[in-house]
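These notes concern the structure reproduced below.
Since we're looking at a predicted model, the values are computed, not measured. Any value given below was found using the heavy atoms of this structure, including those in side chains, with hydrogens, waters and symmetry copies removed.
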Amino acid sequence: MIDVKLLQKNFDETAAALMRKKVDASVINELKIANETLKTAKLAYETLQAKQNELSRLFGQYKKEGKSTDELKIEVDANKATLNDLLDTQRSAEEALDAIIMRVPNIPDADVPDGEDENDNIELRKVLTPPTFTFTPKEHWELAEQNGWIDFERGVKLAKSRFSVVGGMGARLERALINFMLDFNRERGFEEYSVPMLVNRRALEGTGQLPKFEEDLFKVEEEELYLIPTAEVPLTNLFQDEIINGADLPIKMTGYTSCFRKEAGSGGRDVRGMIRQHQFHKVELVSITRADQSDAVFEEMVACASDLLAALGLPHRLVTLCTGDLGFGAARTVDLEVWLPGQNTYREISSVSNTRDFQARRAKIRYKEEGKNILAHTLNGSSLAVGRTMIAIMENFQQEDGTIVIPAVLQKYL
RNA sequence: GGACAGCUGGCCGAGUGGUCGAUGGCGCACGCCUGGAACGCGUGUGUAGGGCAACCUACCUAGAGUUCGAAUCUCUAGCUGUCCGCCA
């Protein structure tokens with residue numbers, strides 16, 4: 001969540017920054033007004049409450065001294081009704097502000113390029129050269145079925161469309177990739193965690209998936225629990241409502257989880273194959289840092305994901321997202337796009353974001369430095385999406401006969 | 001799933017209706033002591049919002065209630081513990 005105080009103090013500048021991220025000017029105005037309304041309501045309530053507290057103290061004193069409390073009681077009772085009204089006013093002002101601010105996205109960093117959509121993203125660099133083929137490379141679904149790695153029909157039988165079953169060597173490769181990625185990340189200083197894949201509402205509000213993106217989440221109705229769309233949610237919220245010793249930062253974490261997304265609104269996109277599934281595996285990186293550390297840690301995380309792809313021999317490129325393509329909570333994002341010869345294009349395989357204090361303010365993640373409590377910075381990134389890595393391996397290392405050469409670094413994990 | 005017990009500041013723990021934001025201890029910070037340290041002694045030490053100074057408001061798991069007044073009483077929920085049941 002953005003800093004309302006900043007908006008109040010520095011309205012024009014903050015509003016302009018939000019408008020770069022396609023926030024409507026009217027929403028920003030409503031936000032300002034809602035905040036002012038709340039301040040006024042609070043002041044009115046607290047002033048009267050202070051008086052009421054004083055009268056109550058007197059009441060006790062009078063009783064002790066044996067004085068009559070009749071007059072006091074009349075005044076106190078009268079105040080009480082007003083007080084209740086004022087409290088109601090304050091609460092609805094709070095709710096009104098909350099309803100708006102929880103749906104306002106993060107302010108993009110000043111150096112994030114302006115743009116409408118992914119076409120305006122800016123390529124930073126390419127890593128490794130795409131392979132050349134003496135034959136027409138096949139797409140992954142064809143290779144996956146031919147090798148018996150993925151069974152799309154039976155995934156649908158068990159659940160519904162956009163679910164699949166991985167079997168045989170495919171299943172072993174999947175497990176090998178997960179282990180390889182976790183070990184790789186651990187060597188880079190990211191501590192491994194195994195976390196719940198169902199979380200409560202509070203956690204999802206903390207990282208920004210709720211309340212705005214409820215329709216993207218699978219929910220266990222009777223339990224008020226949601227299946228996580230990414231390990232970013234449990235890993236970041238590990239420190240929800242905590243005050244961390246500044247000397248203990250940065251905290252760098254990695255974890256493997258399944259991820260679940262309804263993919264509402266992705267319509268007919270990527271229906272074929274396993275680019276876009278309701279359930280997929282991902283190894284995630286999450287960092288909690290001091291405000292002055294987040295830029296450096298961001299680069300570490302991007303490097304970690306890129307080097308991981310390079311270690312697997314997968315050509316890819318790094319792209320800075322423009323304002324229009326930036327996610328809800330991100331101040332800046334670098335996407336890693338892996339080369340897919342079958343599709344003859346680069347496709348997203350990782351996304352590394354610095355949310356600065358946006359999530360920390362929602363989740364109350366703070367650190368203590370020189371006796372003061374300061375909102376932490378939180379960062380997250382995939383390293384990597386396992387299914388898409390498998391796709392990339394299939395397409396890049398396919399042979400003319402349809403067999404696939406598995407990267408050497410994975411041999412010891414198989 | 002059933003029964004009972006409990007949930008207080010970083011931690012332990014006192015507090016059963018009126019200056020209690022909360023005694024005390026541990027921990028931590030600073031100072032004294034010391035060649036240096038331990039010990040000892042002294043001082044300080046929750047979070048958030050508003051004025052941004054004094055001060056005010058809120059918070060003793062959460063929500064609702066009783067009351068002039070609630071950490072203290074009542075109800076509901078959550079969590080933890082113990083026993084029983086169930087499953088492995």
Side-chain angles (χ1 to χ4, degrees), chain A residues 1-10 31-102 195-196 198-206 210-211 219-226 234 237-249 251 288 291 357-376:
Chain A
M1 141 171 109
I2 64 156
D3 186 358
V4 216
K5 276 195 217 164
L6 187 73
L7 179 78
Q8 205 71 54
K9 228 173 81 181
N10 219 336
L31 186 59
K32 183 171 186 271
I33 291 164
N35 185 47
E36 283 162 358
T37 306
L38 175 60
K39 270 173 93 168
T40 312
K42 261 193 160 162
L43 189 65
Y45 170 73
E46 287 178 3
T47 307
L48 188 60
Q49 181 65 53
K51 189 174 178 202
Q52 193 76 329
N53 287 344
E54 178 55 34
L55 291 177
S56 283
R57 271 190 285 269
L58 268 181
F59 199 100
Q61 199 183 315
Y62 282 17
K63 278 275 184 203
K64 214 179 274 175
E65 293 167 0
K67 285 199 218 166
S68 164
T69 54
D70 293 354
E71 268 180 58
L72 261 187
K73 177 120 170 70
I74 291 165
E75 190 175 356
V76 147
D77 283 348
N79 281 348
K80 204 173 178 183
T82 320
L83 214 45
N84 279 332
D85 290 346
L86 288 174
L87 186 59
D88 284 346
T89 310
Q90 187 195 310
R91 282 192 181 163
S92 37
E94 258 161 9
E95 276 169 31
L97 177 64
D98 235 46
I100 302 171
I101 199 166
M102 289 296 276
V195 289
L198 269 74
V199 296
N200 57 34
R201 200 177 166 87
R202 172 91 201 271
L204 287 153
E205 284 171 350
L210 287 179
K219 186 180 184 187
V220 183
E221 289 290 343
E222 327 74 65
E223 295 282 348
E224 274 291 314
L225 290 172
Y226 297 80
N237 279 288
L238 240 28
F239 295 93
Q240 172 201 102
D241 217 3
E242 294 192 17
I243 298 171
I244 306 160
N245 184 346
D248 295 340
L249 296 176
I251 292 167
I288 318 275
D357 61 11
F358 184 83
Q359 292 179 327
R361 185 171 289 108
R362 293 174 158 241
K364 294 199 177 72
I365 304 170
R366 290 161 295 178
Y367 63 96
K368 202 176 266 295
E369 196 173 62
E370 289 167 9
K372 287 171 76 176
N373 295 324
I374 304 168
L375 288 170

Side-chain N,O ([X]) to OP1/OP2 ([N]) below 4.0 Å:
X      : N      : result
A:N53  : B:rA58 : yes
A:K364 : B:rU47 : no
A:Q49  : B:rC56 : no
A:R57  : B:rC68 : no

Given [options], identify the nucleotide with an atom nearest to the side chain of [X].
X      : options                : result
A:R366 : B:rA64, B:rA48, B:rG49 : B:rA48
A:A50  : B:rG51, B:rG49, B:rC56 : B:rC56
A:S56  : B:rA64, B:rG18, B:rG49 : B:rG18

Quick one: [X] [atom1] to [N] [atom2], roughly how many Å, whole number?
X      : N      : atom1 : atom2 : result
A:E223 : B:rC79 : CD    : P     : 9 Å
A:D241 : B:rG10 : CG    : C1'   : 14 Å
A:I243 : B:rG9  : CD1   : P     : 13 Å
A:R201 : B:rA62 : CZ    : P     : 20 Å
A:L48  : B:rA58 : CG    : C1'   : 15 Å
A:Q90  : B:rA58 : CD    : C1'   : 9 Å
A:N35  : B:rG50 : CG    : P     : 9 Å
A:R202 : B:rA77 : CZ    : P     : 22 Å

* **Straight-line distance of A:N200 CG to A:E224 CD, nearest 0.5 Å** =>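 Between A:N200 CG and A:E224 CD, I get 9.0 Å after rounding to 0.5 Å.
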
* Asked: Is there a residue in residues 59-78 of chain A whose heavy atoms reach under 4.0 Å of RNA chain B, and which residues are they?
  ->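 Output list: A:F59, A:G60, A:K73, A:V76, A:D77.
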
[M] and [N], which share atom name [atom1], separated by this distance in whole Å:
N      : M      : atom1 : value
B:rC11 : B:rU47 : P     : 13 Å
B:rG40 : B:rU23 : C1'   : 23 Å
B:rG18 : B:rA70 : P     : 11 Å
B:rG27 : B:rG36 : C1'   : 24 Å
B:rU76 : B:rG81 : P     : 23 Å
B:rA14 : B:rU8  : C1'   : 10 Å
B:rA48 : B:rG21 : C1'   : 13 Å
B:rC39 : B:rC26 : P     : 11 Å

* Just wondering, are more than 12 heavy atoms of other shown residues or ligands nearer than 6.0 Å to NZ in A:K63? ->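 Counting other residues, nucleotides and ligands, NZ of A:K63 stays at 12 neighbours or fewer.
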
* To do: Could you tell me whether A:E71 atom CD has more than 12 heavy atoms of other residues or ligands within 6.0 Å of it?
  =>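 Not buried by this count: 12 neighbours or fewer within 6.0 Å.
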
* **Intra- and inter-strand pairs of RNA chain B in dot-bracket (Watson-Crick or G-U wobble, both distances under 3.5 Å; | for another strand)** => ((((((((.[[[..)..(.....]]]((((((.......))))))(((((....))))).[[[[[..)....]]]]])))))))....

Return yes if some donor-acceptor pair links the side-chain N/O of [X] with the main-chain N/O of [Y] below 3.5 Å, else return no.
X      : Y      : value
A:R366 : A:K372 : no
A:Q52  : A:V76  : yes
A:N237 : A:A203 : yes
A:Y367 : A:A291 : yes

* When you check the gap from the basic side-chain N to the acidic O, do A:E95 and A:R91 get nearer than 4.0 Å? ->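 The answer is no: the pair does not qualify as a salt bridge.
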
* Is the shortest side-chain N to carboxylate O distance from A:K39 to A:E36 below 4.0 Å? ->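 Here A:K39 does not pair with A:E36 in a salt bridge, since their nearest N and O are not under 4.0 Å apart.
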
* Step by step, would you call A:F358 with A:I2 a side-chain contact (heavy atoms from CB on, under 4.5 Å)? -> CA-CA 6 Å; A:F358 184 83; A:I2 64 156; 4.2 Å; yes

* To do: Could you verify whether a donor N or O on one side chain and an acceptor N or O on the other, from A:Q49 and A:N53, lie under 3.5 Å apart?
  =>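 Yes, a side-chain donor-acceptor pair sits under 3.5 Å.
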
* Starting at the 5' end of RNA chain B and moving along, which residue's nearest nucleotide shows up first, A:N373 or A:L43? ->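 Its nucleotide being nearer the 5' end, the pick is A:N373.
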
* Using the closest heavy atom to pick a nucleotide of RNA chain B for each, name whichever of A:K51 or A:L55 lands nearer the 5' end. =>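 Residue closer to the 5' terminus by nearest nucleotide: A:K51.
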
